[in-house]
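Input: a single structure, listed below in C-alpha cells.
Keep in mind that this is a model prediction, so the values were computed, not measured. Just so you know, ligand 1 is whichever comes first in the structure, and atom 1 is the first atom listed for that ligand.
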Amino acid sequence: MATILVTGGAGYIGSHTVVELVKAGYEPIIFDNFSNSKPAVLARLHKITGKNIPFYSGDIRVREQLEKVFDENKIDAVIHFAGLKAVGESVKKPLEYYDNNVNGSRTLLMVMRDKGCKNFIFSSSATVYGEPDSVPLTENSPVKRANCPYGQTKIDVEYMAEELQKACPDFSVTLLRYFNPVGAHESGLIGEDPRGIPNNLMPYLTQVAVGRLPYLNIFGNDYPTPDGTCIRDYIHVVDLALGHVAALNKLMNVPGVHIYNLGTGIGYSVLDMVNAFSKAIGHELPHKFAPRRAGDVVQCYADPKKAFEDLGWKALKTLEDMTADSYNWQKNNPQGYED
Ligand code: NAD
Ligand code: UDP
C-alpha cells in the first residue's frame with residue numbers, strides 16, 4: 001500500500017487523518033515539530049490503531065530534515081497539514097506566518113519535486129473566499145484578498161502549488177478547502193488541544209463546559225441572520241479526515257489541480273451551537289453577548305456537491321455527533337494532552 005507523508009500529523013486534523021489512513025490501508029509517516037502539538041499524541045495513535053506510526057521530528061522549513069524522510073522512505077504522496085493557524089496571532093506576527101506557512105510549503109514542494117514525489121494534498125481553508133458574495137460557496141466562488149496574514153498564506157500556497165503543477169504537468173495537486181472542523185475521535189483519545197485561551201468556538205464551548213472557562217462570549221448578535229449571530233459550516237473532524245482518504249483514493253497519480261470544498265453544506269449559527277451543546281451537557285451553557293469580533297464574515301457554508309460527485313465523499317456525522325464527541329474528548333482530557 002502507498003506510503004503517505006503527513007506533515008503536521010501530530011496536530012488536530014492530522015492526527016485524525018492518520019487514524020483514517022491506517023484504517024484505509026495506507027502507511028502514514030508523521031513529520032512534525034510539535035510547535036502546536038504534543039508528543040503524547042503518538043501513544044494515543046498507537047492505542048487507537050494498534051500500530052507504531054513512523055515519526056520524524058522536523059521542521060518543514062529545514063530542507064535537510066525533509067530530505068532525510070524522502071531518502072529513507074519511498075513517499076507516494078504528501079498530505080500537508082503543517083502550518084500556523086491562529087488568525088489573531090497572524091496579524092501580530094505576519095512575517096512568522098509567511099515564513100512558516102509559505103516558505104515551509106515552498107521548501108516541501110521543492111523537496112517533493114527534486115525527489116520525484118508528485119502527489120500533493122494541501123490543507124486550505126474556506127477563508128480564501130473572504131466575505132462571500134453569495135452562499136453556498138462553490139469551488140468557483142471568487143477567491144478574494146484575505147483580511148489577515150493567515151488567510152493570505154493559504155491563498156499564496158494554493159497559487160504556488162498551482163504554478164508548480166503548470167511547470168511540472170505530471171504533478172497531482174489537490175487543494176482541500178476546509179470549512180469549520182470540530183469534534184473528535186469517538187474514543188476520546190485524540191482531539192483539539194489549543195494552547196492558551198481558544199480562539200475558535202468549539203474548544204471555547206468545551207472548556208466552558210468542563211469549568212476551565214466561566215462563560216462563552218458570543219461575538220455579535222446584530223448580524224443580518226435569523227438569530228443575529230454568525231453562520232458557519234461545522235464539519236466533524238473524522239468526516240474531514242475521510243475526505244483526505246477519498247482524495248487519495250481518487251486523485252493519486254491523476255495529474256492536474258483538483259480543488260474541493262470539504263463542508264457539510266449546512267450552516268449553523270453561534271446560538272445553534274450553544275443550544276446543541278447545552279443539550280449535550282444537560283444544562284444551559286453559560287454565555288453572554290459581546291461586541292462583534294473584527295474580521296468575522298457574516299455567513300459561510302459550502303456547496304459540497306463537487307466532492308460527492310467526483311470523490312464519492314460526503315460528511316455523514318450530525319451536529320449531535322460533533323458536540324457529543326467534542327465534549328467527550330474534553331471531559332476525558334480536561335487539560336488536553338498532558339506531557
Ligand atoms: P494544528 O496546529 O493542530 O496542527 C498543525 C501541526 O503542524 C501541529 O502539530 C504543529 O506542531 C505542526 N507544525 C506547524 N508548523 C510546523 C513546521 N514548520 N514544521 C513541522 N510541523 C509544523 O492545526 P490543525 O487544526 O490540525 O490544522 C491543520 C491544517 O489545516 C493547518 O494548515 C491549518 O491552517 C489548516 N486548516 C485548519 C482549520 C481549522 O479550523 N482547524 C481550518 C482550515 C484549514
Ligand atoms: N465565536 C464566538 N465566541 C468565541 C469564538 C467564536 O462567538 O469565543 C464565533 C465567531 O464570531 C464566529 C463563529 O463563532 O462567528 C466561529 O468562529 P471560529 O473562530 O470558530 O471560526 P471562523 O470565524 O474562523 O470561521
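- Numbered from 1 in the order shown, with element, the atoms of ligand 2 that lie under 4.0 Å from a heavy atom of N217 read 2 (C), 3 (N), 4 (C), 7 (O), 8 (O).
- Relative orientation of the F81 and Y178 rings is tilted, given thresholds of 30° and 60° on the angle between their planes.
- Ring centroids of Y215 and H287 are separated by 6.0 Å or more, keeping the two rings apart.
- Scanning the protein heavy atoms around atom 16 (C) of ligand 1, the nearest turns out to be N33 OD1, 3.4 Å.
- For atom 9 (O) of ligand 1, the nearest non-hydrogen atom from the set V62, I13, D32 belongs to D32.
- Residue-level proximity to ligand 1 for N36 is carried by backbone and side chain together, each with a heavy atom below 4.0 angstrom.
- Every N/O-N/O distance between L84 and ligand 1 stays at or above 3.5 Å.
- With respect to Y26, the side-chain hydrogen bond (donor to acceptor under 3.5 Å, both in side chains) criterion is satisfied by exactly one of D76, T3, N249: N249.
- At under 3.5 Å, not a single nitrogen or oxygen of S124, backbone or side chain, sits near a nitrogen or oxygen of ligand 1.
- For the pair K154 and ligand 1, the shortest N or O to N or O distance falls below 3.5 Å.
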Inset, instruction - Evaluate the side-chain contact (heavy atoms from CB on, under 4.5 Å) criterion for residues F289 and L271: first the C-alpha distance (whole Å), next the side-chain angles of each, then the deciding distance (0.1 Å), finally the verdict. - result: CA-CA 10 Å; F289 291 110; L271 275 173; 4.2 Å; yes

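- When only non-hydrogen protein atoms are considered, atom 12 (C) of ligand 2 lies nearest to R232 NH2, 3.8 Å.
- Close N/O approach between K85 and ligand 1 is found [any backbone or side-chain N/O within under 3.5 Å].
- Judged by distance alone, the side chain of R292 and the main-chain N or O of D222 form a donor-acceptor pair under 3.5 Å.
- Not a single heavy atom of Y268 sits under 4.0 Å from any atom of ligand 2.
- Classified by interplanar angle (parallel below 30°, tilted 30° to 60°, perpendicular above 60°), the ring pair Y337/W329 is tilted.
- The N/O atoms of F31, backbone and side chain alike, include none that comes under 3.5 Å of an N/O atom in ligand 1.
- Heavy atoms from both the backbone and the side chain of L201 come within less than 4.0 Å of ligand 2.
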